[in-house]
Amino acid sequence: MSNTVREDVMSLPEFPRILITRLSHIGDCVLTLPLLRALRRKFPTAYIAWAVEKPADQLLSGNLDLNQLIVVPRDWMRSLRSIIAQRRILREKKFDIVFDPQSLTKSAALGWLSGAPIRVGMSKPFGREAAPWLNNRLVTPSTTHLVDRTLDLLRAIDVRETHVEFRMPVDPVAQKYVLEAIPKIAHSGFIVINPGGTWRSKQWELDRFAAVADFARTQLGVSSVVAWAGVDERKMAEQIVRQSHDSAIAAPATNLRQLAALLAHAEMYVGGDTGPMHLAAAVGTPCVALFGPTRAIDSGPYGTGHVSLQAWYQSGTSRERRSAENLAMRDISVEQVCIAVSTVHQAQLRSKNVAA
């Protein structure tokens, strides 16, 4: 243990006040849940708050490991009045330590405004923009996956966390809503297909998703539900349903809690590297995950039982990969995905037989 780490550990009070600044995105917030769980195990009587933007707050509201959820406006840095307001809110809590897994200017700035004497973030290149200057305890991750990298922040207080736990409870009201919305297949195994993605370069072709849905129904006897969010993704879902020869239905409109409930009830998830994929893995649903401009070793579904497919890595800067065509995704074939779906389906059947 270095002298700085030793001093930081010794300086923490018996009941520390801790702030997590992971503001967005949905998938990244899900992948930060193991850090929250680890902090609660380490400090069972601590006061732990999380600063987050909408809509990810839906997934954190009511979390038993949190004492407070601080919902931050997306544009809080655009006016002096808003900055002063956020500073006042944070200073009132008298935080002792901040963990900044996002390590961007906007997340690190909140930690700095809080006045916490210890602000833990990522070193370069994982810490970007002004974050390495605003955070005063920098950790160089020793691992690749975002979950493990986030847990590496605990090394700043001499904690080596090896037990990963998401603790993502399913809302029974949300579960009732989604199961009543798909009554014909609610009580049998079904696949959730998610064709959307914030990057076009992460999206697979819609007719290919339809072909996988058709394969799952005709060869495996499993129907599919196509998840969507917003007008554009709803049109995508409707196109998949039309092309699937009645093998798929469109999911009902869902908020994040309802989507989590839908995924928790599904036999598997099929789709790209998006928030819903991480949400599926967090609620214990195996994933067939498709990768192009990102890599499973960095941001794949965490845990066992998943199948990740990648033809090749579409490299470049984050901006270049975000705006690129979906070239690498197109090189993942329907046959590859169908084989993966069949593999996960057979594993699910074996698991049920063992449980019986």
Side-chain angles (χ1 to χ4, degrees), residues 20 22-42 50 52 56 58-60 63-66 99-103 122 126 139 141-155 159-170 191-194 196-199 202 227 256-257 259-310 313 337 340-341 343-344 347-348 351:
I20 297 171
R22 167 63 81 176
L23 301 176
S24 59
H25 301 276
I26 293 168
D28 291 340
C29 287
V30 171
L31 295 179
T32 304
L33 287 172
L35 173 66
L36 170 63
R37 188 73 193 109
L39 285 169
R40 180 54 72 197
R41 286 197 300 268
K42 175 65 177 178
W50 187 321
V52 68
Q58 295 175 31
L59 298 175
L60 301 173
N63 189 298
L64 297 177
D65 290 324
L66 276 177
F99 289 92
D100 176 23
Q102 194 156 1
S103 288
M122 304 279 187
F126 303 99
V139 174
S142 60
T143 51
T144 55
H145 197 281
L146 188 55
V147 167
D148 300 317
R149 271 193 271 155
T150 300
L151 288 172
D152 272 346
L153 294 178
L154 294 171
R155 286 164 31 209
V159 173
R160 302 297 194 272
E161 183 57 59
T162 58
H163 178 58
V164 175
E165 184 180 0
F166 286 90
R167 199 178 191 183
M168 175 71 73
V170 176
I191 293 169
V192 170
I193 290 175
N194 183 69
T198 52
W199 300 5
K202 290 184 178 183
L256 288 178
R257 284 177 175 266
L259 177 60
L262 178 69
L263 290 165
H265 204 75
E267 178 177 315
M268 76 183 80
Y269 163 98
V270 178
D273 176 13
T274 65
M277 179 198 72
H278 295 300
L279 191 54
V283 297
T285 299
C287 300
V288 173
L290 284 57
F291 290 84
T294 56
R295 291 179 286 213
I297 193 172
D298 299 321
S299 58
Y302 198 88
T304 60
H306 310 295
V307 177
S308 295
L309 300 174
Q310 184 156 34
Y313 173 56
V337 178
V341 166
T343 298
V344 173
Q348 290 286 80
S351 178

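As a basis for the values below, the full set of heavy atoms in this structure was taken, side chains included, without hydrogen atoms, waters or symmetry mates. Positions are given from 1, in the same order as the sequence printed here. Note that the structure is a prediction, hence the values are computed from the model and not measured.
Contact annotation: the side chain of M122 approaches that of P141 to within less than 4.5 Å [non-hydrogen atoms, C-beta and beyond]. Two residues are said to be in side-chain contact when any heavy atoms from C-beta on lie closer than 4.5 Å; Y269 and P286 fail this criterion. In this structure, V341 and V307 have side chains that are not in contact, with every pair of non-hydrogen atoms separated by 4.5 Å or more. The side-chain heavy atoms of V270 and M268, taken from C-beta on, include a pair separated by under 4.5 Å. Looking only at side-chain heavy atoms (C-beta outward), T32 and W50 come within less than 4.5 Å of each other. Looking only at side-chain heavy atoms (C-beta outward), N63 and L33 come within less than 4.5 Å of each other. Residues L154 and R160 form no side-chain contact, since every pair of their non-hydrogen atoms from C-beta on lies 4.5 Å or further apart. Contact annotation: the side chain of R167 never approaches that of L36 to less than 4.5 Å [non-hydrogen atoms, C-beta and beyond].
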* To do: Given side-chain contact (heavy atoms from CB on, under 4.5 Å), test D100 with Q102 step by step and report yes or no.
  => CA-CA 5 Å; D100 176 23; Q102 194 156 1; 3.8 Å; yes
* **Residues L279, L259; criterion side-chain contact (heavy atoms from CB on, under 4.5 Å); working and verdict** => CA-CA 9 Å; L279 191 54; L259 177 60; 4.2 Å; yes
* Asked: Can you list the steps and then say if M277 with F291 is a side-chain contact (heavy atoms from CB on, under 4.5 Å)?
  -> CA-CA 11 Å; M277 179 198 72; F291 290 84; 4.0 Å; yes
* What do the steps show when you test H163 against R41 for side-chain contact (heavy atoms from CB on, under 4.5 Å), and what is the final call? -> CA-CA 10 Å; H163 178 58; R41 286 197 300 268; 3.6 Å; yes
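Across all their heavy atoms, A340 and V288 have their closest contact at CB-CG1, 3.8 Å. Between V52 and C29, the closest heavy-atom pair is CG2-SG, 4.0 Å. Among all heavy-atom pairs drawn from V192 and A227, the shortest one is CG1-CB, 4.1 Å.
Summarising the geometry, atom CD1 belonging to I297 is positioned 10.5 Å from atom CD belonging to Q310; distances are rounded to the nearest 0.5 Å. How far CG of L66 is from CZ of R40: 7.5 Å, rounded to the nearest 0.5 Å. To the nearest 0.5 Å, the span separating CZ on R22 from CG on L35 amounts to 9.5 Å. Between atom NE2 of residue H278 and atom CG of residue L31 there is a gap of 4.5 Å, rounded to the nearest 0.5 Å. Taken to the nearest 0.5 Å, the CG atom of D65 stands 7.5 Å off from the CD atom of E165.
Partner of S299 under the side-chain hydrogen bond (donor to acceptor under 3.5 Å, both in side chains) criterion, chosen from D273, D28, T274: D273.
Among residues two or more places apart in sequence or in another chain, the side chain to side chain donor-acceptor pair (under 3.5 Å) test is passed with S308 by none.
Here the side chain of R257 pairs a donor or acceptor atom with the backbone of Q58 at under 3.5 angstrom.
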List the atom pairs, donor and acceptor, that lie under 3.5 Å between side-chain atoms in residues 146-153 and the rest of the protein, sequence neighbours left out.
{"residue": "D148", "atom": "OD1", "partner": "Y302", "partner atom": "OH", "Å": "2.7"}
{"residue": "R149", "atom": "NE", "partner": "T144", "partner atom": "O", "Å": "2.9"}
{"residue": "R149", "atom": "NH2", "partner": "T144", "partner atom": "O", "Å": "3.4"}
{"residue": "T150", "atom": "OG1", "partner": "L146", "partner atom": "O", "Å": "2.8"}
{"residue": "D152", "atom": "OD2", "partner": "S142", "partner atom": "N", "Å": "2.8"}
{"residue": "D152", "atom": "OD2", "partner": "S142", "partner atom": "OG", "Å": "3.3"}
{"residue": "D152", "atom": "OD2", "partner": "T143", "partner atom": "OG1", "Å": "3.2"}

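Under a cut-off of 6.0 angstrom, the local environment of NE2 in H145 is crowded, with over 12 non-hydrogen atoms contributed by other residues, nucleotides or ligands.
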